[in-house]
J.: 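This is the structure I have questions about; it appears just below.
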Amino acid sequence: MTSIGSDDRGWLRTMPAEAGRDALPGRAGHRVLSARRLSDLVQGRPPGVTGSQWTSASRASFDFVVYAADTGRPIVAVEIGAVPSAGSAEQRVERLKDAVSAAAGLPVLRIGSPTLRATDHGRRLVEYVIDARAYAAGGAASAAGTEPAPVGFRDILGRLPDGRTGPVNDLGALTRAAAVEAYVAGQVADPIVRGLHVRWVDGPAQGWSWVQVRPDACLIERVSVTEHRFSCGIDAARLAEDLAAVAVGERLRENAVADLLPRAEWTAQIAALSQRRDELVGGFAFDHLCAD
């Protein structure tokens, strides 16, 4: 997807002159404010939005808004939380917010997870996306010249928390180290954190991550990443898988391992997902996980 929305920014408010106590420290030419209502971001009712839609959506809020520090222009509004159930009032509000944001040209990044929370994980996620976009912009400039394109942001190698060398921008690195510790302590049956990711045609990116708590049962987390008129700077599906690993680590840390799925049932679900490869961007690359 493109990194920005319409060039017409007339419906978007610039960053307040006084950012307030909820402003996060500046990063890579960006300022981040938390907990902003849509009416704080959009000035007036955009064309194509009915009065009823505007009244309902304008009271809804986003968890964070990223602004360009030099211009005060909104770069993206970010929302983190559980995906609303189909037909629910929460889903209706989400769709209204999307409609108003689209009409105003406001880019939106939505992270869907029952475990990840804006208060606990939002700041790190927002900073990660800002860094990834800055790195991608630098890589694009290099590719336009004579220098070879640099390695992707997610694949930069360095020293990991457990002392090994690996991708330092793998958000799931701490979970992978914690799983090994849990295995040594006899809390899980396998120290390996596994995962897969897909991107649906005309739909979100999704990632799964899991660890075998018992030989016959897995702790599984799923995260969706939806980019509206925005790009995270890295592949959204890989980001979703890494965030799912973060969620697994949160469950392990809290010892919240009650809702386990039988390993055979999970393998069957992966096999069923593989049969829908025609609905996926780039097909399905995880057939090796279909055999129990």
J.: Do the side chain of Asp190 and the main chain of Gln212 share a donor and acceptor less than 3.5 angstrom apart?
T.: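 Side chain of Asp190 to backbone of Gln212, a donor-acceptor pair under 3.5 Å: no, none is there.
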J.: Can you list the steps and then say if Leu280 with Trp200 is a side-chain contact (heavy atoms from CB on, under 4.5 Å)?
T.: CA-CA 5 Å; Leu280 304 173; Trp200 297 95; 3.3 Å; yes
J.: In terms of ring plane angle, is the pair Tyr128 and Phe153 parallel, tilted or perpendicular, where the classes change at 30° and 60°?
T.: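 Rings of Tyr128 and Phe153: perpendicular, over 60°.
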J.: Do side-chain atoms of Arg13 reach the backbone of Ser39 as a donor and acceptor pair under 3.5 angstrom?
T.: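 Such a contact is found between Arg13 side chain and Ser39 backbone.
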J.: Determine whether Phe284 and Trp210 fall in the same hydrophobic cluster, where Ile, Leu, Val, Met, Phe, Trp and Tyr are linked whenever their side-chain heavy atoms lie under 4.5 Å apart.
T.: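 Phe284 and Trp210: one cluster.
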J.: Do the non-hydrogen side-chain atoms of Pro215 and Arg263 ever get within less than 4.5 Å of each other?
T.: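 Not in contact.
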J.: Would you confirm whether Glu94, through its side chain, and Glu90, through its main-chain N or O, come within 3.5 Å as a donor-acceptor pair?
T.: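 No, because the side chain of Glu94 does not come within donor-acceptor range (under 3.5 Å) of the backbone of Glu90.
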J.: Identify which one of Leu239, Asp242, Asp131, Asn169 satisfies the side-chain contact (heavy atoms from CB on, under 4.5 Å) criterion when paired with Ile234.
T.: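 Option passing the side-chain contact (heavy atoms from CB on, under 4.5 Å) with Ile234: Leu239.
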J.: For residues 231-241, pull every pair meeting salt bridge (Lys or Arg N to Asp or Glu O under 4.0 Å), keeping only residues two or more places apart or in separate chains.
T.: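 Checked against salt bridge (Lys or Arg N to Asp or Glu O under 4.0 Å) - neighbours excluded - the pairs reaching residues 231-241 are Asp155-Arg238.
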J.: Under 4.5 Å between any side-chain heavy atoms of Phe62 and Leu38, yes or no?
T.: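 Of all side-chain heavy-atom pairs linking Leu38 with Phe62, at least one is under 4.5 Å.
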J.: For Arg277, is the CZ atom crowded, meaning more than 12 foreign heavy atoms sit under 6.0 Å from it?
T.: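 Correct, the count exceeds 12.
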J.: Would the number of heavy atoms belonging to other residues, nucleotides or ligands and lying under 6.0 Å from CG of Asp70 be above 12?
T.: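 More than 12 within 6.0 Å, yes.
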J.: Working to the nearest 0.5 Å, report the span between SG of Cys232 and CZ of Arg154.
T.: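 Here the rounded value is 14.0 Å.
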J.: Checking salt bridge (charged side-chain N to carboxylate O under 4.0 Å, His left out) for the pair Arg117/Glu254: CA distance, chi angles, key distance, verdict?
T.: CA-CA 14 Å; Arg117 298 174 291 272; Glu254 297 177 354; 3.5 Å; yes
J.: Rounded to the nearest 0.5 Å, what separation is found between the CD atom of Gln43 and the CG atom of Leu12?
T.: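 Gln43 CD to Leu12 CG: 7.5 Å, rounded to 0.5 Å.
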J.: Between CZ of Arg222 and OG of Ser113, what distance do you get to the nearest 0.5 Å?
T.: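 Reported to 0.5 Å precision, the distance equals 10.0 Å.
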J.: Linking Ile, Leu, Val, Met, Phe, Trp and Tyr through side-chain heavy atoms less than 4.5 Å apart, which residues share a cluster with Val281?
T.: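 Same cluster as Val281: Val201.
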